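See structure below.
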Protein chains: 2
Amino acid sequence: MADSPRRATILEVARDAGVSKTSVSRYFSGERDRLSPDMQRRIASSAGRLGYRPNQMARGLKAGRSRLIGMLVADIRNPFSVAVMHGVEQACRAHGFSLMVCNTDNDPAQERDHLALLTAYRVEGLVVNVTGRPGHELEALAAQDTPLVLLDRALGDVEADMVGLDNDQAIDTALDHLRAQGYGELLCVSEPTEQASSRQQRLGRFRERLDADGLQGEACCLALDDAPALERAIAGFLDRPSHAPKALLCANGNVTLAVTRALQALDVTLGETGLLGIDELDWCALVAPGITTLAQPTEAIGRAAVDSLLQRLAAPERPAPSRQILFTPELNARGSTRR
Amino acid sequence: MADSPRRATILEVARDAGVSKTSVSRYFSGERDRLSPDMQRRIASSAGRLGYRPNQMARGLKAGRSRLIGMLVADIRNPFSVAVMHGVEQACRAHGFSLMVCNTDNDPAQERDHLALLTAYRVEGLVVNVTGRPGHELEALAAQDTPLVLLDRALGDVEADMVGLDNDQAIDTALDHLRAQGYGELLCVSEPTEQASSRQQRLGRFRERLDADGLQGEACCLALDDAPALERAIAGFLDRPSHAPKALLCANGNVTLAVTRALQALDVTLGETGLLGIDELDWCALVAPGITTLAQPTEAIGRAAVDSLLQRLAAPERPAPSRQILFTPELNARGSTRR
DNA sequence: TTGTAGGCGTTATCAA
DNA sequence: TTGATAACGCCTACAA
C-alpha cells in the first residue's frame, strides 16, 4: 500500500481518520484501551493505509529519552568484541533499548568522533571498549549523568563501572595448568600494553606469579603486524638452553592467531612446545593437536554491562560507588599443552 | 568542566553568552564566518563551559533527515558479515552518515522488529542482509523512497539494488581449480537454501557445471548444528567407490568450519581428499596443510553498497532501474587442494 | 472517551 | 551581522 512520497505524520493519519492527533498518539502509545473500538478501527485503518510509523526522533525529543544505548568498540573484527556485542544487543533489546554501535579501529581520533556522535544522539547509556584515553570526554559524559560501563579495559581516571575478565584469575589458571602439564619456562606474548589496562594486568600478574612461584619466564610486548619481529622473539626464546619444557602464553585472541602463525613458520611442534591462549576462537580446536584456551564468558559479560547501565539508569539520584564485575574464565585443555 | 545535571540546550548557551539562539545555531551549523569574531568567542566559551552539543534528534526532526544509514545483518557472528559491515561503516563515515546496525540472528521476527526500529529512526537508507522474507515491509520502505541495497541475498519480489559475489564465477573458479588439481568427484555442502538466494545460486551453478563438464558430483544441504548428520553425509560420500580423487566444496565460511570439524572427526587427510571453501577466514591458512579458499572482497562490497545508496539518495527524482553489482572472488590455493 | 494547546531543541525565514 | 518567530512530529496536561 503506502505510496506517499514521504513518510506519513501523525497529523495526516488524524486527518485521514477524522480524529485528533491526540487519539492517534494514544493509539500508538499503548493507551488503546482508552479509545472506543470504532476509533481504534479507524485509526488502525488509516495508519495502515498510510504506512504510518511514529517518528522516534520526535518521540525522543519530546520525552527527553532516546531509548538508545551506545557502544564503542575498539576492534569490531575481533571475534571477542563481536561476541560481547551480541550479548549487549540482546540485553538492550530485552529491555526496550536499541543499540548504536561504533567501531573505532583502535584509533583515538575515531573514538573522539564517535563519542561525539553518540552524545549527539543522546544515548542514555554507554558501553565503552576503547584504546585511547578519551578520559576527558567520558568524564564529561559521566558528569552529565550518562551511565558508563567500561568493557575489558579500565580507564584510571574515569569513575564508572567496569566489567571484564578476572585477569588475575585467568593468569593463575593458565600458569597452574602449564605447570601441572610440566612446562617450566614460559614466554608471555602480548600486544603493547599502554592503551589497554587488561593487557597490563595480565602481564603484571604474570610477572608476579613468576617471582612467587619460582618459575622461569619472561614477557614480551609486540605489535602484531610485524610478523618477522614476532618470529625472532619466539625463536630467541625457544633457542635458549633450558632444563624444562617451554610454553607460550598468549594474552589475547589476536596474539594467539599471530603466535600460531609464527610457530608454523618456525616449524614448531605444538605440545612439545606448549601453547595456551586467552580467548576462545572458532578454530582453536582445529589446529592440530588443538590449542588450549581460556574462554571468556562473552555473552555474560555483555549482559552484565547492560545490567550495570540499567541499574544506574533506574536510580540516578543516588550514584552508587563504581563497581568492578569480573568473570571467571573457563579452561579448554587441548593438545597444545599436552606433552 | 560541564557539571550541569542535564545536557545543555541551545537556549542555555544563548542566554549564557548573551546572544540569540539563532546565532548559536549558526555557530554550530558551519556558518561561523557570518558571526563577528567577538560573538564567536563568546559562544565558543559558553558552549565549552556548558558542554553543549547540538541534539541530533532535534536536528533530524527539523531537517527531516536523520543522517543515519541502517543495516540489517543476518548473523553478526559471521566474520564475513562483520567484514562487510566494516566496509559499510567506513563508507558511511566518509560521507557524513552514521550507521545503525541491527543483528537479526537469522530470525524473521527480529528482522521485522529491527526493520520497524530503523524505520522509526528514519534511516535515510538501508543495507539489508536477511534470512526471511520481509518483502512486504521492504517494499513499503522502497515505496516511501527509502533507498535499499540487498547484500549477498536477493529478494525476488523487492525492487532494489543488489551487491554481492558473482556466484557463478565463484563456482566456476572453484570447479576449474579442483579439476585442474585432479579431483574428479565432488560434494558441494551448503546450508539450507530456502532463505538465501546466494546459496541457491551457488548450488544451482554447481549442478549446471557438473552436467556440462561431465564431472561426477552431488550436492547436499544441511543445517550445520547437526554435526553427526554432516559427518554421515560426508562419510557416505567418501566411502562410495570411485575412480577419481574426491573433493568437498563448502558453499560459505560457516560450512567450511563445520566441514573441517567433521573431516577431523572422520580422520580424513586434507589434500588427499580435496577441500575448498567459499569465504576466506583467519584460520584457513593454519589448519594443516592449509585450506584453499575463494575470498570475497568484503570491504569493496560494503563500500559498493553505500555507494549505491548514496547515488539513489542524490537523485531521488528519477529512480534508475535496479542494478546488480557483482564482485569477483580471489582464489587462495593452499594444501587442501594439492594431492 | 475525546480534543486543545503548548513545548521538547533545532533550523529557516524574515525582518532589523 | 544579528534576532524574533514559526515550524519539524510528537506527547501530555488540561479541559470538555
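Order of the sequence lines fixes the chain letters, A, B, ..., with proteins taken first and strands second; residue numbering starts at 1 for each chain. Model, not experiment: these values are computed from the prediction.
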* **Pairwise 5' ranking along DNA chain C for A:Arg122 and A:Arg34, keeping only the more 5' one** => A:Arg34

* To do: Look at B:Arg42 together with B:Asp38 and state whether they make a salt bridge at an N to O cut-off of under 4.0 Å.
  => yes

* Between A:Ser198 and A:Asp152: side-chain donor-acceptor atoms closer than 3.5 Å -> yes

* Go through residues 58-70 of chain A and report each residue with a non-hydrogen atom lying under 4.0 Å from DNA chain D, sorted by number. => A:Ala58, A:Arg59, A:Lys62

* Check every nucleotide of DNA chain C for an atom under 4.0 Å from a heavy-atom of chain A, then give the first and the last such nucleotide from 5' to 3'. => C:dT1 to C:dG9

* Structure fact -> When the rotation axes relating C1' atoms of four end pairs to the next four are compared across the helix from C:dT1-D:dA16 to C:dA16-D:dT1, five pairs an end, they differ to 10° by 40°

* Supply the atom-to-atom distance B:Arg112 CZ to B:Thr104 OG1, rounded to the nearest 0.5 angstrom. => 11.5 Å

* Base, sugar-phosphate, or nothing: which does A:Thr9 touch, judged by heavy atoms less than 4.0 Å apart? -> sugar-phosphate

* Structure fact -> By nearest-nucleotide position on DNA chain D, the 5'-leaning member of A:Pro54 and B:Arg26 is B:Arg26

* Anything under 4.0 Å to a heavy atom of chain B counts; send over the first and last such nucleotide of DNA chain D, read 5' to 3'. => D:dT1 to D:dG9

* Looking for any heavy atom pair under 4.0 Å, which part of the strands does A:Arg53 touch: base, sugar-phosphate only, or nothing? -> sugar-phosphate

* Classify the nucleic acid contact of A:Ser23 as base, sugar-phosphate or nothing, counting any heavy atom under 4.0 Å across all strands shown. => sugar-phosphate

* For residues 52-70 of chain B, pull every pair meeting side-chain hydrogen bond (donor to acceptor under 3.5 Å, both in side chains), keeping only residues two or more places apart or in separate chains. => none

* Please work out if B:Met57 contacts a base, only the sugar-phosphate, or nothing of the nucleic acid, heavy-atom cut-off 4.0 Å. => nothing

* Could you give the distance from CE (B:Met85) to CG (B:Asn103), rounded to the nearest 0.5 Å? -> 9.5 Å

* To do: Would you mind classifying the nucleic acid contact of B:Ser25 as base, sugar-phosphate or nothing, using non-hydrogen atoms under 4.0 angstrom?
  => base

* At under 4.0 Å between heavy atoms, what does B:Tyr52 touch on the DNA or RNA strands: base, sugar-phosphate, or nothing? -> sugar-phosphate

* Would you please say whether a donor-acceptor pair under 3.5 Å links the side chains of A:Thr22 and A:Arg26? => no

* Verify, without hydrogens or angle tests, whether A:His114 (side chain) and A:Leu72 (backbone) share a donor-acceptor contact under 3.5 angstrom. => no

* A:Arg153 side chain to A:Leu150 backbone, donor-acceptor under 3.5 Å -> no

* To do: For A:Phe327, check ring-ring contact (aromatic ring centres under 6.0 Å, His included) against everything at least two apart and list the hits.
  => none

* Can you tell me if B:His86 and A:Asp105 form a side-chain donor-acceptor pair at under 3.5 Å? -> yes

* **Main-chain N/O of A:Pro147 paired with A:Arg312 side-chain donor or acceptor, under 3.5 Å** => no

* To do: Taking only Lys NZ, Arg NE, NH1 and NH2, and the carboxylate oxygens of Asp or Glu, determine whether A:Arg77 and B:Glu299 approach each other closer than 4.0 Å.
  => yes

* **Short side-chain to backbone donor-acceptor contact, A:Ser308 and A:Ala304, under 3.5 Å** => no

